[in-house]
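First up is the structure itself, then whatever we jot down about it.
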Amino acid sequence: MTSPDTNPLPPQYDAATTESEWYPRWTEHGVFLADATRASSREPYVIVMPPPNVTAVLHVGHGLNNTVQDVLIRWRRMAGDEALWLPGTDHAGIATQNVVEKQLSAEGQTRFDVGRDAFVTRVASFVEQTGGEILNQLKAIGSSADWSRTAYTFSPELSVAVREAFVRLHEDGLVYKGHRVIHWCPRCGTSLSDEEAEFADTTGKLYHLRYVLADDPTQSVTVATTRPETMLGDVAVAVHPDDERYRAFVGRDVILPLNGVRIPVVADSYTDPAFGSGAVKITPAHDPNDFEVGKRHALPMPVVIDAEGVVREVELASGRVPLELVGLDRFDARTKIVAMLDAVGALVKVEPHQHSVRHCYRCDTVVEPRLSDQWFVRMQPLAEKALAVLRSGELRILPDRWEAVYVNWLEGIRDWNISRQIWWGHRVPVWYCDACAQTPIVSRSDVTACPTCGGAVRQDEDVLDTWFSSWLWPFSTLGWPNTDSADLKAFYPGDVLVTAPEILFFWVSRMVMSGCWFLGQSPFHTVYLHGTVRDMDHRKMSKSLGNGIDPLDVVQLYGADALRWTMVAGLGLGVDVMLDPTDLDKSFAPGRNFCTKLWNIGRFLLSRVGADAVQPLSTLPPESLTAADAWILDRLDVAILECDAALGPARPGNGRTWTDAERGRGLRLSEYAEAARRFVWNELADWYLESIKPRLAADSGADRDAARAVLAHTFDGALRLLQPMIPFITEALWQHLPQTPERRPEFIAPYFPRFDHTLHAASLQGS
RNA sequence: GGGCGAAUAGCUCAGUUGGUUAGAGCGCCUGUCUUACACACAGGAAGUCGGGGGUUCGAAUCCCUCUUCGCCCACCA
């Protein structure tokens, strides 16, 4: 118990001082800590923070995402739940490796010059120095995460979970090594999953090439391609089996221009007779569809473009690449090949062509389809479980239109390529024995000798997709695979996942799948997908466009609460937030103005109420309340109900699955803000405060005491209502509220009991 | 090629199951520095609810269609 702060409030709200004063006090007193032992007597409410990349710097998107989470967590903490907000960072395999590779490049080196072990050491020390800085920045906007639990996807603990997941999926028959055409980034030097190879609409060219028949040079077939350089690796021309035009060609050979290789014409229903000439060149090593055709017809699969995207005879390609093309970058080779084809009369025509080209999501390089060996997870069994929990109502997604997107993706799920040919990440836990050529050893612990022959073993060179660790986040952070972990028992499954739609497939769907597979329950009952922060031209804010807003600038100018309020007030469900990076004054006026107004309300109200103790409402003689008093107390009740309704229900009413009636409700943050604003500004300040000025002006008396009691009670309620959105200013004001006999906890949060509407109803009835 | 979303005041958006004069913030106009607040107060202007058709006693709200934006997915040779 503490005494109220009786110092007069300064005329201006000093955000910087308030924030630097209160945040450390909250953390010193463990206000943000969650305790598994308390979760038996209180409802747990759990949010796991989407772990930012270790190399990330706070941008306004993080600000929005984490403000939403903080509002929800503080709301539930205020309501008496055992609220856990679990923070951490992601080692971000490719992204982080790229950053360090750039540093090396500035020193004139590549990672290969440095060597694997030294490179990994260097990345690790880089991460140690700069990684996680973003978590400190999150504190500056008031994030009330349980920092004592800060996790990291590449920590020893989480690495255990990663291995466990890999080995268990292998035991379940879901992890396998596949030889097929995958997406390859020649710049990053690694394979990518389907999700990591992003489509970009492009105006390219469609090149029509003429291949002459080997047994009759007067006849030819024309094939169309957007990537003429791959013709060096062609092994067939495919036509549709029912296509009359080519019936006579099937089974005969054509001759590839430039390298003179003879390839057959095959019939395959993959070919669409209506596209182009109805004949398609088949390059099995450099196109996923052609790969399937090649398998069906048992065709060779020569590789003519190497891992760096350079044209040369890589594998089974002897005699296929003319000398003058060897060593050319794939795009230079394209230009030269087109010219060479034209020179020999093999180029029929070139047309502009609209299509989508896949790009690396980390460096935007055009992805090269490439034949290689990779580890895959067979996803369909996992997807079925993830679909089931959505259909049963164990899981919901808001806004609900995303549920269709989720379902569509899971129903058409494809196997997940989880191996990456980079160095920064969890090494694939598979060992090989060259001596006895045993089947690969998949192991939870490091293998040092072959269990069969005792000979030397070598570990798989690849590392795992960074998402293979983040998809375990909701339980790897709670102690899994130790199922006896008190945290796991108390806090799994969690409640809400807050993120942007961009990573619905990358992360959200996969977390649901892993949670269902490994623990039998969806890791959360609600996915809340918020909008994107955009500028006035509706462009996504980004560093490269230079249209970003640094949340820390906003904190410095107007305070964390003004930043938070502006974002929450503007956050309709699933709606993008528009802010003008060139006019911060205007963009953040709603938050700044509201904080100033609240401060002035508090200053005036507290000066009139004075420092003397006030009577609790319940002990006031009912007849001492005026109609205005009853009205504002009723309005407070309504405001609390409205705010609660805007945010809740916090969890399914039956504790397990959403009913149809509940399913779309809650998480309307802008409605929460608006209801609270209307009450505080329009009802409490504009109306009630004005109306009772004469009563407060009296020196003493029962009427003044009643007004003081109502005012203190109402403002107390208002501050508690607002605290989740604007924690600093509400705490600073709350500390000045005069004493009542029954309450004086250290902080406005979290020791208050649940909002109790019946209290107000009772006091009104008594009046 | 498939799917989804949006179109309401100058701007950004609310309008939950169709029901009295369509709301908020910012901006704008007119006053007011009234000892809590000019980041404020009092008052005000402002919308053929994208176009067309339909259902209905009644539609921003339901149905059809068109237009314009935006997003997602796809083995777009």
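Naming: A, B, ... by sequence-line order, numbering from 1 per chain.
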CG/A:Asp537: more than 12 non-hydrogen atoms of other groups inside 6.0 Å: yes
For B:G50, the Watson-Crick or wobble counterpart (both distances under 3.5 Å): B:C66
Using OP1 and OP2 only, check whether a side-chain N or O of A:His538 sits under 4.0 Å from B:A6. no
Let's see if you can work this out: which of B:A36, B:C13, B:C76 has an atom nearest to the side-chain heavy atoms of A:Met578? B:C13
Quiz question: going by heavy-atom distance under 3.5 Å, is there a donor-acceptor pair between the base of B:C37 and the side chain of A:Lys597? yes
For B:C28 versus B:C71, give the span between their P atoms, rounded off to a whole number of Å. 32 Å
The side chain of A:Met536 lies closest to which of these nucleotides: B:C13, B:C11, B:C41? B:C11
Give one of base, sugar-phosphate or nothing for A:Leu206, where a contact means two heavy atoms less than 4.0 Å apart. sugar-phosphate
Under 3.5 Å, is there a donor-acceptor pair linking the side chains of A:Thr222 and A:Lys349? no
Any base atoms under 4.0 Å from A:Asp686, or only sugar-phosphate, or nothing? Heavy atoms, all strands. sugar-phosphate
A:Arg677 has a side chain; which of B:C73, B:G5, B:A24 sits nearest to it? B:A24
Only one of A:Val577, A:Leu64, A:Val71, A:Ile726 passes side chain to side chain contact (heavy atoms under 4.5 Å, CB included) with A:Val568, and that residue is A:Val71
Please state the P separation for the pair B:C4 and B:C63 - nearest whole angstrom. 13 Å
Report yes or no: is the cationic atom of A:Arg334 (NZ for Lys, CZ for Arg) under 6.0 Å from the centre of the six-membered ring of A:Tyr207, at an angle within 45° of the ring normal? no
Could you tell me how far apart A:Phe594 (CZ) and B:A36 (P) are, to the nearest whole angstrom? 20 Å
Angle class for the A:Phe275/A:His353 ring planes (parallel below 30°, perpendicular above 60°, tilted otherwise)? perpendicular
Select base, sugar-phosphate, or nothing to describe what A:Arg603 touches, counting heavy atoms under 4.0 Å on all strands. sugar-phosphate
Classify the nucleic acid contact of A:Gln12 as base, sugar-phosphate or nothing, counting any heavy atom under 4.0 Å across all strands shown. nothing
Within the structure shown, what part of the strands sits under 4.0 Å from A:Arg608 by heavy-atom distance: base, sugar-phosphate, or nothing? sugar-phosphate
Measure from the side-chain heavy atoms of A:Asn600 and tell me the nearest of B:A74, B:A14, B:A36. B:A36
Suppose you measure atom P in B:U34 against the same atom in B:A42; what distance do you get, rounded to whole Å? 15 Å
B:U16 C1' sits how many Å from A:Leu573 CG, rounded? 12 Å
Heavy-atom side-chain proximity of A:Asn682 to A:Trp687 below 4.5 angstrom: no
Mind checking the P distance from B:U67 to B:U55? Whole angstroms is fine. 24 Å
What is the pairing partner of B:C71, taking Watson-Crick or G-U wobble pairs with both distances under 3.5 Å in any strand? B:G3
What contact category does A:Trp681 fall into here, base, sugar-phosphate, or nothing, at under 4.0 angstrom with non-hydrogen atoms? sugar-phosphate
What does A:Arg534 touch in the nucleic acid at a heavy-atom separation under 4.0 angstrom: a base, only the sugar-phosphate, or nothing? nothing
Complement of B:G23, any strand, by Watson-Crick or G-U distances under 3.5 angstrom: B:C13
Rounded P spacing from B:G58 to B:U20 in Å: 14 Å
Name the orientation class of the two ring planes belonging to A:Tyr246 and A:Phe249 (parallel below 30°, tilted from 30 to 60°, perpendicular beyond 60°). perpendicular
From the list A:Leu719, A:Val680, A:Leu684, A:Leu605, side chain to side chain contact (heavy atoms under 4.5 Å, CB included) with A:Thr714 holds only for A:Leu684
note: A:Leu9, atom CG; B:U35, atom P; distance rounded to Å ~ 20 Å
Nearest-Å distance for atom pair CH2/P, residues A:Trp687 and B:C41: 17 Å
Rounding to an integer number of angstrom, what distance separates B:G23 and B:C29 when you compare their P atoms? 24 Å
Once you round it to whole Å, what is the distance between C1' of B:U12 and CG of A:Asp537? 14 Å
Base, sugar-phosphate, or nothing for A:Lys540, non-hydrogen atoms under 4.0 angstrom? nothing
How would you label the contact of A:Tyr13 with the nucleic acid (heavy atoms, under 4.0 Å): base, sugar-phosphate, or nothing? nothing
So A:Glu292, base contact, sugar-phosphate only, or nothing? Heavy-atom distance under 4.0 Å. nothing
Heavy atoms under 4.0 Å, any strand shown: does A:Thr271 hit a base, just sugar-phosphate, or nothing? base
Nearest nucleotide by nearest heavy atom, which residue falls closer to the 5' end of RNA chain B, A:Ala589 or A:Gly570? A:Gly570
A:Phe505 CZ to B:A74 C1': how many Å, rounded? 12 Å
For a quick test of reading the model: is some side-chain N or O of A:Asn593 closer than 4.0 Å to OP1 or OP2 of B:A40? yes
Nearest-Å distance once atom P is located in both B:A45 and B:A24: 12 Å
Is the shortest side-chain N/O distance from A:Asn408 to OP1 or OP2 of B:G2 below 4.0 Å? no
Given that both distances must come in under 3.5 Å, which nucleotide forms a Watson-Crick or G-U wobble pair with B:U34? none
Between A:Glu229 and A:His286, is any side-chain donor less than 3.5 angstrom from a side-chain acceptor? no
Go through the N and O atoms of the side chain of A:Glu671 and the base of B:A24, and report whether any donor-acceptor pair is under 3.5 Å. no
A:Leu398 CG to B:C4 C1', straight-line distance once rounded to whole Å: 16 Å
Protein-nucleotide distance (A:Leu684, atom CG; B:A36, atom P), rounded to Å: 15 Å
If pairing requires Watson-Crick or G-U wobble contacts with both distances under 3.5 Å, which nucleotide is the partner of B:G43? B:C29
Give A:Pro590 one of three labels, base, sugar-phosphate or nothing, depending on what nucleic acid heavy atoms sit under 4.0 Å from its own. sugar-phosphate
Quote, to the nearest angstrom, the P distance that separates B:A22 from B:U30. 27 Å
Could you check whether the side chain of A:Ser356 and the base of B:C76 have a donor-acceptor pair of N or O atoms closer than 3.5 Å, going by distance alone? yes
